[in-house]
Amino acid sequence: MAYWLLKSEPSSFSLEDLMVCRAPEPWSGVRNFQARNFMRAMRPGDLGFFYHSSCAKPAIVGEVEIVRASYPDHTALDPGDHHYDPRAVVNPDLWSMVDVAFKERYPAPVTLARLKACPALAGMRLLARGNRLSVLPVTAEEWQVIRRLARDS
DNA sequence: GCCAACGTTGGC
DNA sequence: GCCAACGTTGGC
């Protein structure tokens, strides 16, 4: 089993939004090849942190479970969609998405500041300089450390 | 709103 | 294949 981190701007889609869905939701709209390739490596049963970005308090706010392996992201085919990509019309498999299910919402978010202050997380990809990927792998060690931070807050 | 960092595009 | 220009991300 693998671990991941999924970024979303809470103003467009928050963990609370996923929570009220009460059903798996497609994680669509990713238009970066590295992030896409990470999604293609996801397997059902994998777990992910839900990270709120571009907001007042960037933080890991909870967990999701990957419940469906990658399949073509059809939002790329919709001219009315914000993430429309004409290249996908001739190559429908250009972009991928997975389905995620709500798993847990932490009582208190694990803030970016808190992550940065944790020596055990110094090598975390999320904290690497200039990182902008919206989908990132998380090591098993990092996963445990962050779960502990979430529990101890 | 600012700005650094990055991915992508396209001319050459 | 190089590289400048551009658009985007995301913390602050």
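What you are looking at is a predicted structure, and each value in this text was computed from that prediction instead of being measured. Throughout, a chain's letter reflects where its sequence line sits, starting with A, and its residues are numbered from 1.
- Using five terminal pairs a side, the axes of the helix from dG1(B)-dC12(C) to dC12(B)-dG1(C) at its two ends make an angle of 10°, given in steps of 10 degrees.
- Residue-level contact check: R87(A) touches the backbone only, with heavy atoms under 4.0 Å from sugar-phosphate atoms and none from bases.
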Set out, line by line, the N/O atom pairs under 3.5 Å between protein and nucleotides 2-5 of chain B.
from: dA5(B); atom 1: OP1; to: R129(A); atom 2: NH1; distance (Å): 3.1

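- In this structure, E9(A) atom CD and dT9(C) atom P are separated by 7 Å, rounded to whole Å.
- Atom pair L127(A):CG and dG10(C):P shows a separation of 14 Å (rounding to whole Å applied).
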- request: Starting from the C-alpha separation in whole Å, work towards a yes-or-no answer on side-chain hydrogen bond (donor to acceptor under 3.5 Å, both in side chains) for S96(A) and R40(A).
  value: CA-CA 7 Å; S96(A) 300; R40(A) 288 184 175 180; 2.9 Å; yes
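- Just one residue in the list F38(A), F50(A), W95(A), Y71(A) forms a ring-ring contact (aromatic ring centres under 6.0 Å, His included) with W27(A), and that residue is F50(A).
- Shortest non-hydrogen contact noted between L15(A) and E104(A) is CD2-O, 3.8 Å.
- At the phosphate of dG10(C), OP1 or OP2 sits under 4.0 Å from a side-chain N or O atom of K7(A).
- Rounded to whole angstrom, the span from the CG atom of N32(A) across to the P atom of dT9(C) amounts to 10 Å.
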task: Check the pair S70(A) / R43(A) against side-chain hydrogen bond (donor to acceptor under 3.5 Å, both in side chains), numbers first and verdict last.
output: CA-CA 8 Å; S70(A) 73; R43(A) 297 291 173 262; 5.8 Å; no
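- The interatomic distance linking L115(A) (CG) with dG10(C) (C1') rounds to 15 Å, in whole Å.
- Rounded to an integer number of Å, the gap from Q34(A) CD to dT9(C) C1' is 14 Å.
- Side-chain contact check for D17(A) and S14(A): at least one donor-acceptor pair (N or O, by modelled atom type) lies under 3.5 Å.
- Side-chain atoms of D81(A) never come within 3.5 Å of backbone atoms of D78(A) as a donor-acceptor pair (strictly under, hydrogens ignored).
- In this structure, CZ of R31(A) is placed 16 Å from C1' of dG7(C), rounded to the nearest angstrom.
- For R125(A) and dG10(C), the CZ to P distance is 14 Å, given to the nearest whole Å.
- Side chain of Q144(A) to main chain of E141(A): no donor-acceptor pair is present (N/O by atom type, distance under 3.5 Å, no hydrogens or angles).
- The structure places CD1 of I66(A) at 11.0 Å from CE of M1(A), a figure rounded to the nearest 0.5 Å.
- D85(A) has its CG atom 14 Å from the C1' atom of dG7(C), to the nearest Å.
- Considering only side-chain N and O atoms, Y51(A) lies nowhere under 4.0 angstrom from the phosphate OP1 or OP2 of dT9(C).
- Other members of a hydrophobic cluster containing V20(A) are absent, since no ILVMFWY side chain comes under 4.5 Å of it, directly or through relayed contacts.
- The residue K57(A) sits apart from the nucleic acid: no heavy atom pair falls under 4.0 Å.
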